[in-house]
Trainee: 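Before we start, here is the structure in question, set down as structure tokens.
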Amino acid sequence: RMLRKNKIASPPGSTGISALDMHLLSTASHSPSFLSSLRRGDVIEVQASSASGKSHLLYNFIAACLLPPDLDDRISLPSNKIAVVYDTDGAFDVRRLTLVLRRRLESNHQQSMRDSNTISSIALHFLSLIHIFRPSSSFQLAANLRALPAWHASNFPTAEISLIAIDSISAYYW
């Protein structure tokens, strides 16, 4: 995660997946905050067989990083956080991510937000905060990661990168 000098960043929130948060808290070798089992800069690597839910977990991580826990339809939409996704195998599905965002908005927020148009416009807002890069080689991935701080500073000087995801880190292994 990137922090600028003299900028105090908000603490990370929970993953939004209670069983995962409980597991991370039970295995934490550090003192987590009361808001999260994770600390800034933590790296999570997920490995599992095909069709085991890795991508769905990633979509939930993105939603947890971007959606504020207290969002309702009477406040302006925050836009001080962004997520960066490196889609190295071309499998990142924006439609599935949209469904995850919509379900979280429908289930976790006030009854007044359950209007389909409101949920769609809020989901669209949060989708605009996700930046997807598709490098085609390990060299391009490394160069893009190296250039990320400069890109971020010039394009989003007031925003914080709340998540950097590489899906999948082993795409160029073979």
Side-chain angles (χ1 to χ4, degrees), residues 1-4 7 9-21 23-25 27-30 32-33 35-68 78-104 123-174:
R1 309 224 172 33
M2 297 182 184
L3 301 176
R4 288 182 194 69
K7 180 179 179 182
S10 60
S14 75
T15 65
I17 305 167
S18 59
L20 179 60
D21 283 329
H23 174 73
L24 291 172
L25 280 169
T27 60
S29 61
H30 60 275
S33 76
L35 295 173
S36 175
S37 55
L38 300 174
R39 294 184 304 179
R40 278 198 189 288
D42 280 355
V43 174
I44 298 174
E45 179 179 346
V46 178
Q47 292 185 5
S49 60
S50 181
S52 61
K54 298 180 302 289
S55 294
H56 191 70
L57 181 61
L58 173 61
Y59 301 142
N60 275 283
F61 280 156
I62 292 169
C65 286
L66 295 179
L67 293 176
S79 60
N80 63 336
K81 293 182 178 183
I82 65 170
V84 175
V85 176
Y86 291 97
D87 179 16
T88 62
D89 57 9
F92 190 82
D93 189 345
V94 175
R95 289 178 297 220
R96 280 186 56 204
L97 175 60
T98 303
L99 288 174
V100 169
L101 286 169
R102 288 182 59 88
R103 286 186 186 131
R104 279 186 175 239
L124 185 61
H125 166 75
F126 285 105
L127 285 171
S128 74
L129 302 177
I130 301 164
H131 303 280
I132 303 170
F133 297 96
R134 292 191 167 96
S136 60
S137 68
S138 56
F139 178 77
Q140 283 185 357
L141 176 62
N144 197 293
L145 285 167
R146 182 161 172 77
L148 185 59
W151 173 84
H152 177 251
S154 66
N155 291 289
F156 303 97
T158 61
E160 168 187 357
I161 295 178
S162 62
L163 174 88
I164 299 172
I166 302 173
D167 185 21
S168 141
I169 194 69
S170 62
Y172 311 120
Y173 179 74
W174 299 108

Trainee: For the residue pair Phe92 and Ser55, establish whether any side-chain heavy-atom pair is separated by less than 4.5 Å.
Mentor: no
Trainee: Any donor and acceptor pair, going by atom type alone, linking the side chain of Tyr59 with main-chain N or O of Asp93 inside 3.5 Å?
Mentor: yes
Trainee: Just verifying a value: how many Å separate Leu129 CG and Phe156 CZ, rounded to the nearest 0.5 Å?
Mentor: 8.0 Å
Trainee: Report the distance from atom NE2 of His56 to atom CG of Leu99, rounding to the nearest 0.5 Å.
Mentor: 9.5 Å
Trainee: To the nearest 0.5 Å, what is the distance between OG (Ser136) and CG (Asp89)?
Mentor: 13.0 Å
Trainee: Determine whether Ile130 and Ile82 make a side-chain contact, defined as any pair of heavy atoms from C-beta on separated by less than 4.5 Å.
Mentor: no
Trainee: Would you give me the side-chain donor-acceptor pairs under 3.5 Å for residues 43-53, sequence neighbours excluded?
Mentor:
unit_1 : atom_1 : unit_2 : atom_2 : d
Glu45  : OE2    : Gln47  : NE2    : 2.3
Ser52  : OG     : Ser49  : O      : 2.7

Trainee: Taking side chain to side chain donor-acceptor pair (under 3.5 Å) as the test, write out the residues that go with Asp87, two or more places apart.
Mentor: Arg134
Trainee: Less than 4.5 Å apart, side chain to side chain, heavy atoms only: is that true for Leu127 and Val94?
Mentor: yes
Trainee: Kindly state each residue pair satisfying salt bridge (Lys or Arg N to Asp or Glu O under 4.0 Å) with at least one member in residues 53-68, sequence neighbours excluded.
Mentor: none
Trainee: Can you tell me how far the CG atom of Leu124 sits from the CZ atom of Arg102, to the nearest 0.5 Å?
Mentor: 11.0 Å
Trainee: Say whether, by atom type as modelled, one donor and one acceptor occur between the side chain of Thr88 and the main chain of Asp167 under 3.5 angstrom.
Mentor: yes
Trainee: Going from CG on Leu66 to CZ on Arg104, what distance comes out if it is rounded to the nearest 0.5 angstrom?
Mentor: 10.5 Å
Trainee: Sort out for me which residue in Ile169, Leu141, Ile132 forms a side chain to side chain contact (heavy atoms under 4.5 Å, CB included) with Tyr86.
Mentor: Leu141
Trainee: Once the angle between the rings of Trp151 and Phe133 is folded into 0 to 90°, is it parallel (under 30°), tilted (30 to 60°) or perpendicular (over 60°)?
Mentor: perpendicular
Trainee: Between the main-chain N or O of His152 and the side-chain N or O of His131, is there a donor-acceptor pair closer than 3.5 Å?
Mentor: no
Trainee: Are the side chains of Ile164 and Leu148 in touch, meaning some heavy atoms are under 4.5 Å apart?
Mentor: yes
